[in-house]
Chemist: 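This structure is in structure tokens; I'll ask about it shortly.
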Amino acid sequence: MGKTYARIDGRLRAFIEEQPMFFTATAPLSGDGTINLSPKGLTGSFAVVDELTVAYLDFAGSNAETIAHLRENGRITLMWCAFQGPPNIVRVHGRGEPVFRDDPRFKDLLGHFPGIDPTPHGLRAIILVTADLVRDTCGYAVPFMTYDEDRDLHGKRFGREDDASLSAYFGKKEYIAQSIDGLPGLPLPLPPSSV
């Protein structure tokens, strides 16, 4: 039913890269803290960096729970489901970090995402994840669903912003600079991009 993999390559890598959507899960260390689960999409915003490292673009939104949790403890799980074709679920359990726009690594990491223009999406960070455990499971109960296309609403909404207005937008949101549980979130004002 389930199998553990030593690396992300071959059939496993192809499966992950073909999925139009994945999920991220993080949690604070506090036993009564808020667990976060987020869907991620937008074609071209995910990349396999090497056999044990994956990354995705963290775009503007109404909170920064994943960033806050990673800054506190680094724990993250990513999950992909086959909604079409043979059933499969793949999870990457690992350690993650937000690489912010003023980080010297940012420009090189951004080179792993040639299939998307991040400009209209309010790119805040690149989430870099090193795998500790890679497993798949059957996915027999996951329903068939069809992928039609990416929504264009995110790019339309945040494409109107520049760094200053995006920082102002984030400053008005309750859970950007700090998490629901009060952990440090996205550093504000938004640092200028190093690209």
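Predicted model, so just to flag it, every value in this text is computed and none were measured. FYI, the numbering just counts along the sequence from 1.
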Chemist: Could you give the distance from CG (Leu128) to CZ (Arg105), rounded to the nearest 0.5 Å?
Modeler: 6.5 Å

Chemist: Test of understanding: with side-chain contact (heavy atoms from CB on, under 4.5 Å), list the residues that count as partners of Pro120, not counting sequence neighbours.
Modeler: Asp117

Chemist: Could you tell me the separation between the CG atom of Leu37 and the CZ atom of Phe23, rounded to the nearest 0.5 Å?
Modeler: 7.0 Å

Chemist: Could you walk me through whether Phe106 and Leu123 pass the side chain to side chain contact (heavy atoms under 4.5 Å, CB included) check?
Modeler: CA-CA 11 Å; Phe106 188 85; Leu123 182 59; 3.4 Å; yes

Chemist: Atom CG of Leu186 and atom CZ of Arg101: how far apart are they, to the nearest 0.5 Å?
Modeler: 9.0 Å

Chemist: Let me know which of Tyr56, Trp80, Phe113 forms a ring pair (Phe, Tyr, Trp, His ring centres under 6.0 Å) with Phe46.
Modeler: Trp80

Chemist: In Å and rounded to the nearest 0.5 Å, what is the CG to SG distance from Asn88 to Cys138?
Modeler: 9.0 Å

Chemist: Show your reasoning for whether side chain to side chain contact (heavy atoms under 4.5 Å, CB included) applies to Leu166 and Arg124.
Modeler: CA-CA 10 Å; Leu166 198 55; Arg124 304 185 301 189; 5.6 Å; no

Chemist: Thr43 vs Tyr147, test: side chain to side chain contact (heavy atoms under 4.5 Å, CB included). Steps then yes/no.
Modeler: CA-CA 11 Å; Thr43 301; Tyr147 166 75; 3.5 Å; yes

Chemist: Closest approach of Arg71 and Pro98, non-hydrogen atoms and distance?
Modeler: CG-CG, 3.9 Å

Chemist: Does CD1 belonging to Ile35 count more than 12 external heavy atoms closer than 6.0 Å?
Modeler: no

Chemist: Checking side-chain contact (heavy atoms from CB on, under 4.5 Å) between Ile8 and each of Thr53, Ile16, Leu52, which is the one that passes?
Modeler: Ile16

Chemist: Tell me the salt bridge (Lys or Arg N to Asp or Glu O under 4.0 Å) pairs involving residues 137-154, sequence neighbours left out?
Modeler: Asp152-Lys156

Chemist: Going through the distances and angles, do Val90 and Leu12 end up as a side chain to side chain contact (heavy atoms under 4.5 Å, CB included)?
Modeler: CA-CA 8 Å; Val90 173; Leu12 183 68; 3.6 Å; yes

Chemist: Between atom CG of Leu70 and atom CD of Glu97, what is the distance when rounded to the nearest 0.5 Å?
Modeler: 9.0 Å

Chemist: If I take atom SG from residue Cys81 and atom CZ from residue Arg91, how far apart are they, to the nearest 0.5 angstrom?
Modeler: 7.5 Å

Chemist: In chain order, what residues pass the side chain to side chain donor-acceptor pair (under 3.5 Å) check against Arg95, with sequence neighbours excluded?
Modeler: none

Chemist: Any salt bridge linking Lys3 with Asp136? Criterion: basic side-chain nitrogen under 4.0 Å from a carboxylate oxygen.
Modeler: no

Chemist: Would you say the side-chain atoms of Arg75 pair up with the backbone N or O of Thr26, donor to acceptor, closer than 3.5 Å?
Modeler: no

Chemist: Under the side-chain contact (heavy atoms from CB on, under 4.5 Å) test against Leu57, which residue among Ile116, Ile127, Leu109 passes?
Modeler: Ile116

Chemist: Check step by step if side chain to side chain donor-acceptor pair (under 3.5 Å) holds for Tyr5 and Arg13.
Modeler: CA-CA 11 Å; Tyr5 296 86; Arg13 178 176 180 158; over 6 Å; no

